[in-house]
Number of protein chains: 2
Amino acid sequence: MSIYKEKNRKTKELIQTSFIKILENKTFESITVGDIAKQAQINRGTFYLHFIDKFDLLDQIEQQLFADLGNRIDELQSNYSSTHTFEKEQEQLAATLFSAIKIQSPLLKIFLSDHGRAGFHLRFRAAFSEKVRLNLEKNESFKATLEVPMEYFLSFITSAFLGLIEQWVQNDLDKTPQEMTTLYINIISFIQQTNTKKV
Amino acid sequence: MSIYKEKNRKTKELIQTSFIKILENKTFESITVGDIAKQAQINRGTFYLHFIDKFDLLDQIEQQLFADLGNRIDELQSNYSSTHTFEKEQEQLAATLFSAIKIQSPLLKIFLSDHGRAGFHLRFRAAFSEKVRLNLEKNESFKATLEVPMEYFLSFITSAFLGLIEQWVQNDLDKTPQEMTTLYINIISFIQQTNTKKV
DNA sequence: CAACAAAATGAACAGATTGTTCAATTTTGT
DNA sequence: ACAAAATTGAACAATCTGTTCATTTTGTTG
């Protein structure tokens, strides 16, 4: 009974990995169920025993990706006490995000490229936007000093962060998560300098 | 002779506008050439007299969009002398971008959504990334003070800006371009404050 | 109006892909 | 050996694609 499930799971996984492999070289739009079956060396009908269609397949992989990232982030964050300063905590969250993303970078690189599916960058931002918001709102003076709508600030900062991630994965991880964190902090500091001079 | 061209142009435009109309309600993937012909009330064969396929159609609309935005930005920017401070110039560029984007917001809203085509946000960023870079590098002390690779800084700032644009068009332009510029400046100032406290 | 050119139509075509069905086969469990 | 679950292979109608070509409509010119 349990080996039946195991076999089922294994085939499903085979289909997923085969699909991702094709996705490296072909656009999602251009991939057919026949392509996937051929790559996985299974019957085309078998595909339909595991997924409704290729959209369902991609959806499930995407959901798994977000769930996995969420788990990794929560686990990494739980290792740190939150008695640090507000800024240290922001830095810590950044480090956690970069570490989690590194592990899933092969998939993220594809999903964020033009081989993926439209709107992924929005769903990805939404997936970790809530964690960022909670972290920011820990700080009491934050909401008091913030003069712009929270949704705009969140869009700004999560999108900025996504920009770094996109450059990073396109560069095939040319830096360590710690270096990326430093780079992030440096950019924030640099923006500070620019404006300080103005005033 | 020239009226033949005019008629040709008009039909091509009809196909484009009809397509965009469908795109508001359906995913690009799910739209067929038959759908477009039906909406435009033309023969399906006529479509192929003007475009290779639906991908070609979308590509051309995208190219036109970028060209139009580029022209608007250049024109708006040419109305201002560049004798202001570095920061004022950055603010001016932001105002210009928001103004140009407002005009093209209906199309941008669709293209940035999950009804569009994968990778649009990257191509969009690339389209105005160069203008931002040139504007930044005007300032001599900029390159001297910047401690991070230019490509990362550009990814960060253009992506952050895109985040504001995305929120703006999703909110159906709930603010004026000038208000968006102020909002942008406010966020930069806010980040400055946060870090100033730390030091 | 007549003659011509360009654009659009309608219909047909083969080819590819989709999602479903079902009997036969293989793999695994008891 | 027998039963259960998973997979296979083949066939099916349906849809969409891109192309072709004869015909019709629209616009131009003399």
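Here is how names work: the chains are called A, B, and so on, in the same order as the sequence lines, proteins then strands, and each is numbered from 1.
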Is NZ or CZ of Lys54(B) both nearer than 6.0 Å to the six-membered ring centre of Phe19(B) and within 45° of the ring axis?
no
When the ring planes of Phe120(B) and Phe124(B) are compared, do they come out parallel, tilted or perpendicular, using 30° and 60° as the limits?
parallel
Taking atom types as modelled, find out whether Glu75(B) and Asn71(B) have a side-chain donor-acceptor pair closer than 3.5 angstrom.
no
Spacing of Glu89(B) atom CD and Thr96(B) atom OG1 [to the nearest 0.5 Å]:
11.0 Å
Is the distance between the ring centroids of Phe28(B) and Phe111(B) under 6.0 Å?
no
Does dT7(D) have its OP1 or OP2 closer than 4.0 Å to a side-chain nitrogen or oxygen of Asn43(A)?
no
What pairs with Asn25(B) under side-chain hydrogen bond (donor to acceptor under 3.5 Å, both in side chains), at least two apart in sequence or on another chain?
none
Between CD of Glu29(B) and P of dT17(C) the distance, given in whole Å, is 17 Å
Side-chain (Ser129(A)) to main-chain (Ala126(A)) donor-acceptor, under 3.5 angstrom:
no
Rounded to whole Å, the NZ-C1' distance (Lys7(A) to dA4(D)) equals 12 Å
NZ of Lys5(B) versus P of dG27(D): gap in Å, rounded?
18 Å
Do Glu151(A) and Ser155(A) have a side chain donor and acceptor closer than 3.5 Å?
no
Can you find a side-chain donor-acceptor pair between Lys12(B) and Gln60(B) that sits under 3.5 Å?
yes
Under 4.0 Å: is that the gap between some side-chain N or O of His50(B) and OP1 or OP2 of dA8(C)?
yes
Give, ordered by number, those residues of residues 9-27 of chain B having at least one heavy-atom distance below 4.0 Å to an atom of DNA chain D; if nothing qualifies, reply none.
none
Establish, from distance only, whether the side-chain atoms of Tyr152(A) and Asp174(B) form a donor-acceptor pair under 3.5 Å.
yes
Quick one: which protein N/O atoms are closer than 3.5 Å to N/O atoms of nucleotides 1-5 of chain C? Pair and distance per line, please.
{"residue": "dA5(C)", "atom": "N3", "partner": "Tyr4(B)", "partner atom": "OH", "Å": "3.0"}

Stems in DNA chain D, runs of 3 or more consecutive Watson-Crick or G-U wobble pairs with both distances under 3.5 Å, sorted by first number, are C:1-12 with D:19-30, C:14-18 with D:13-17, C:20-30 with D:1-11
Should the ring pair Tyr184(B) and Phe161(B) be called parallel, tilted or perpendicular, given that the plane angle runs from 0 to 90° and is split at 30 and 60?
perpendicular
Separation of dT9(C) P from Leu49(B) CG (nearest whole Å)
9 Å
Under the side-chain hydrogen bond (donor to acceptor under 3.5 Å, both in side chains) rule, collect the residues that match up with Arg72(B), sequence neighbours excluded.
Asp68(B)
Go through the side-chain N and O atoms of Thr32(A) and Asp35(A) and say whether any donor and acceptor fall under 3.5 Å apart.
yes
Starting at CG of Asn8(B) and ending at P of dG27(D), how long is that distance when rounded to a whole Å?
13 Å
Atom pairs under 3.5 Å: protein N/O with N/O of nucleotides 15-18 of chain D:
{"residue": "dT17(D)", "atom": "OP1", "partner": "Val33(B)", "partner atom": "N", "Å": "3.3"}
{"residue": "dT17(D)", "atom": "OP2", "partner": "Val33(B)", "partner atom": "N", "Å": "3.3"}
{"residue": "dG18(D)", "atom": "OP2", "partner": "Tyr48(B)", "partner atom": "OH", "Å": "2.8"}
{"residue": "dG18(D)", "atom": "N7", "partner": "Arg44(B)", "partner atom": "NH1", "Å": "3.2"}
{"residue": "dG18(D)", "atom": "O6", "partner": "Arg44(B)", "partner atom": "NH2", "Å": "2.9"}

